[in-house]
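Shown next, in structure tokens, is the structure this report addresses.
Residue numbers begin at 1 in each chain, while the letters A, B, ... track the order of the sequences.
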2 protein chains.
Amino acid sequence: MLRGNMATVDHSLVAKLPLFAGFGTEELDEILREARSLRIAKNRNVFEQGEDAHSFFVLLHGHVRASKTTPMGEQVVVRYVAPGETFGVAMAIGLQRYPATATAVDDSVALAWPSATWPRLVARFPALAANTLQTIGSRLQETQTRVVEMSTQQVEQRVANALLRLAKQSGHKVEHGVEIGFPISRQDIAQMTGTTLHTVSRILSSWESRGLVEGGRQRIVLREPHKLFMLAEPSPDGSEPPARP
Amino acid sequence: MLRGNMATVDHSLVAKLPLFAGFGTEELDEILREARSLRIAKNRNVFEQGEDAHSFFVLLHGHVRASKTTPMGEQVVVRYVAPGETFGVAMAIGLQRYPATATAVDDSVALAWPSATWPRLVARFPALAANTLQTIGSRLQETQTRVVEMSTQQVEQRVANALLRLAKQSGHKVEHGVEIGFPISRQDIAQMTGTTLHTVSRILSSWESRGLVEGGRQRIVLREPHKLFMLAEPSPDGSEPPARP
DNA sequence: GCGGAAGTTTGCGCTGGCGCAACAATGGCA
DNA sequence: TGCCATTGTTGCGCCAGCGCAAACTTCCGC
């Protein structure tokens with residue numbers, strides 16, 4: 001079954017989504033009635049950069065990578081979407097087209113609303129706009145943090161930060177540490193941190209030899225998150241002179 | 001006069017702000033009644049990173065720089081605020097504290113609302129949330145563009161892009177080109193592009209010798225915006241192989 | 001008009017990380 | 001089971017841009 005109606009969706013799960021914070025059962029039903037659910041097979045695109053923003057989504061299962069391609073053909077990973085998060089909300093922020101490509105990195109399931117329903121839903125449930133504002137605000141924060149890191153940190157620190165963030169978002173405990181909950185290549189990490197897969201590979205190799213992480217094909221386990229954290233965090237020990245007195 | 005009521009503010013100007021798009025005169029009055037206007041002398045902070053987010057602002061005159069300081073004491077310029085733009089909207093996106101420091105780079109005037117009024121205003125005028133959503137969405141776009149640039153471009157291209165953006169936002173025509181409309185140092189540009197003031201200085205010197213720009217103390221005139229644009233734009237001529245086939 | 005602070009320019013040497021290249025390991029699929 | 005495509009590893013040389021340092025210029029306050 002590729003598409004279904006909402007009767008098949010776990011209601012108690014949907015009710016917990018940030019997007020629907022503060023909504024009652026009836027309101028929820030009214031909103032969900034407009035959505036369809038869809039499966040996305042691993043490595044398929046949900047939508048592509050530049051495409052008309054026909055729908056917005058909430059991810060229910062799986063993981064989705066949002067990436068941008070430059071005119072030169074280089075790719076940059078914008079973020080990974082975890083279950084419960086919204087994506088493709090271009091229309092809500094005033095865009096006619098998707099600014100990035102969304103690719104399932106695992107078999108995934110999402111709810112989809114036609115973008116055209118957004119204005120009506122917002123008019124009827126103003127809290128939707130407020131909730132989305134919080135979400136987009138958080139994303140802005142994260143993106144700015146990334147800019148700061150890229151401006152001030154070395155590659156090794158950036159990679160450490162990226163992995164810690166992924167582990168926090170989508171990590172699950174395994175025998176010897178925390179494993180990133182979806183397939184991710186050296187290339188992907190490079191595209192998240194503004195470096196090359198070669199450099200990422202070297203860094204991970206070095207970490208592996210020190211017992212900090214354990215790697216595999218598209219697979220990373222953090223064995224010593226605390227040590228990684230120390231690597232990531234530039235210690236403000238020696239008092240740096242403020243640049244602008 | 002440091003603080004005044006709204007009677008002194010040019011009404012036709014305020015009515016054009018994106019934040020108040022679609023508002024009628026009476027609604028506008030009701031909102032403006034809650035604001036106070038304030039002057040900020042050049043080089044004074046409107047608020048500081050980490051400080052309690054007591055107010056949000058709309059800039060009426062002047063220019064404000066938003067910057068973040070890392071634990072190591074390094075500064076990164078997040079953006080420059082031009083007249084008409086909102087800033088310090090931390091509360092609206094769910095933050096208790098300002099995530100950055102706002103500094104007037106010129107004598108400036110702003111409207112200020114206590115953050116506590118935001119929930120009430122939004123409840124009364126849902127369009128406020130929608131408008132703010134658009135604004136924050138645009139900012140997210142810009143910040144992501146910056147991430148992409150920092151990931152894929154050389155320093156020279158990034159500086160060119162930064163200057164072109166500043167010129168578009170706050171440039172005014174002068175005899176021999178377009179001048180950035182506020183004082184900006186090499187250091188500032190370095191902090192916008194993730195490099196050092198030395199490198200920026202070298203680049204600008206090189207450009208100046210080629211007649212592309214004209215520099216001065218805290219002053220930059222773009223004499224050949226089009227040539228700068230060509231420098232900034234990585235030409236996708238030779239077809240680059242797509243990284244992810 | 002003078003002195004000092006802030007901003008800018010420029011030379012020099014060094015290095016983090018990139019680009020290239022070759023090879024190895026892994027997993028999917030026939 | 002064996003082949004092939006994808007992904008990962010590693011050595012080597014190079015260079016864009018950083019860090020340091022010194023000198024110069026402009027502006028501002030006294």
Side-chain angles (χ1 to χ4, degrees), chain A residues 41-43 72-75 103 105-107 149-160 180 182-191 193-210 213-221 231 234 238 240-245, chain B residues 41-43 65 72-75 103 105-106 149-160 180 182-191 193-210 213-221 231 234 238 240-245:
Chain A
K42 183 173 173 174
N43 292 330
M72 288 282 294
E74 295 142 312
Q75 290 200 358
T103 310
V105 295
D106 251 346
D107 289 338
E149 286 176 3
M150 297 200 62
S151 298
T152 63
Q153 297 184 337
Q154 312 244 106
V155 171
E156 189 173 29
Q157 298 179 311
R158 301 206 301 267
V159 173
I180 307 294
F182 51 85
I184 184 168
S185 68
R186 310 292 186 259
Q187 173 80 275
D188 291 318
I189 297 171
Q191 289 175 351
T193 52
T195 181
T196 64
L197 80 161
H198 306 280
T199 299
V200 171
S201 183
R202 278 181 250 269
I203 289 173
L204 290 184
S205 293
S206 156
W207 286 352
E208 187 149 19
S209 71
R210 284 193 272 162
V213 303
E214 190 183 309
R217 194 189 177 81
Q218 311 226 83
R219 186 173 148 279
I220 295 173
V221 179
L231 261 180
E240 293 292 321
R244 208 181 282 273
Chain B
K42 182 172 173 175
N43 292 330
R65 178 186 59 229
M72 289 283 293
E74 295 142 312
Q75 291 200 357
T103 310
V105 294
D106 250 348
E149 286 177 3
M150 297 200 61
S151 298
T152 62
Q153 297 183 338
Q154 313 243 105
V155 171
E156 188 173 29
Q157 296 177 313
R158 301 207 301 267
V159 172
I180 309 293
F182 51 86
I184 185 168
S185 67
R186 309 293 185 259
Q187 174 79 275
D188 291 319
I189 296 170
Q191 291 175 350
T193 51
T195 182
T196 64
L197 79 160
H198 305 280
T199 299
V200 171
S201 183
R202 277 181 249 269
I203 289 172
L204 290 184
S205 291
S206 155
W207 286 352
E208 186 149 19
S209 73
R210 285 193 271 160
V213 303
E214 190 182 307
R217 194 193 177 82
Q218 312 224 83
R219 187 174 148 277
I220 296 173
V221 179
L231 261 180
E240 293 292 320
R244 209 180 283 274

Check this for me: does the side-chain of B:His198 come within 3.5 Å of the base of C:dT10 through a donor and an acceptor? yes
Return the value, rounded to whole Å, for the distance between atom CD of A:Gln154 and atom C1' of D:dC18. 10 Å
Need one value for A:Ser205: base, sugar-phosphate or nothing, where a base atom within 4.0 Å counts as base even if backbone is also close, heavy atoms only. sugar-phosphate
In whole angstroms, the gap separating P of D:dT10 from CG of A:Leu204 amounts to 11 Å
A:Ser201 backbone acceptor or donor facing A:Ser205 side chain under 3.5 Å: yes
In whole angstrom, give the distance that lies between atom CD of A:Glu214 and atom P of C:dT26. 13 Å
Whether A:Ser206 side chain and A:Arg202 backbone form a donor-acceptor pair below 3.5 Å: no
What is the nucleic acid contact for B:Thr196, judged by heavy atoms within less than 4.0 Å: base, sugar-phosphate only, or nothing? sugar-phosphate
Indicate yes or no for a side-chain donor-acceptor contact from B:Arg158 to the backbone of B:Glu149 under 3.5 Å, with no hydrogens or angles considered. no
Ignoring backbone atoms, test whether B:Ser185 places a side-chain nitrogen or oxygen under 4.0 Å from the OP1 or OP2 oxygen of C:dG7. no
Taken to the nearest whole Å, CD/A:Gln187 to P/D:dT9 is 13 Å
Separation of atom CD1 in B:Ile203 from atom P in C:dT8, rounded to whole Å: 15 Å
By nearest nucleotide on DNA chain D, pick out whichever of B:Val200 and B:Lys42 is the more 5' one. B:Val200
Does D:dG8 have OP1 or OP2 under 4.0 Å away from a side-chain N or O of A:Arg186? yes
Within the modelled atom types, does a donor on one side and an acceptor on the other bring the side chain of A:Arg202 and the base of D:dG8 under 3.5 Å apart? no
Just how far, in rounded Å, is P of C:dG16 from CZ of A:Arg158? 14 Å
Side chain to side chain, B:Leu204 and B:Arg186, heavy atoms closer than 4.5 Å: yes
Given C:dA6, D:dT9, C:dC18, the nucleotide with the shortest approach to the side chain of A:Ser201: D:dT9
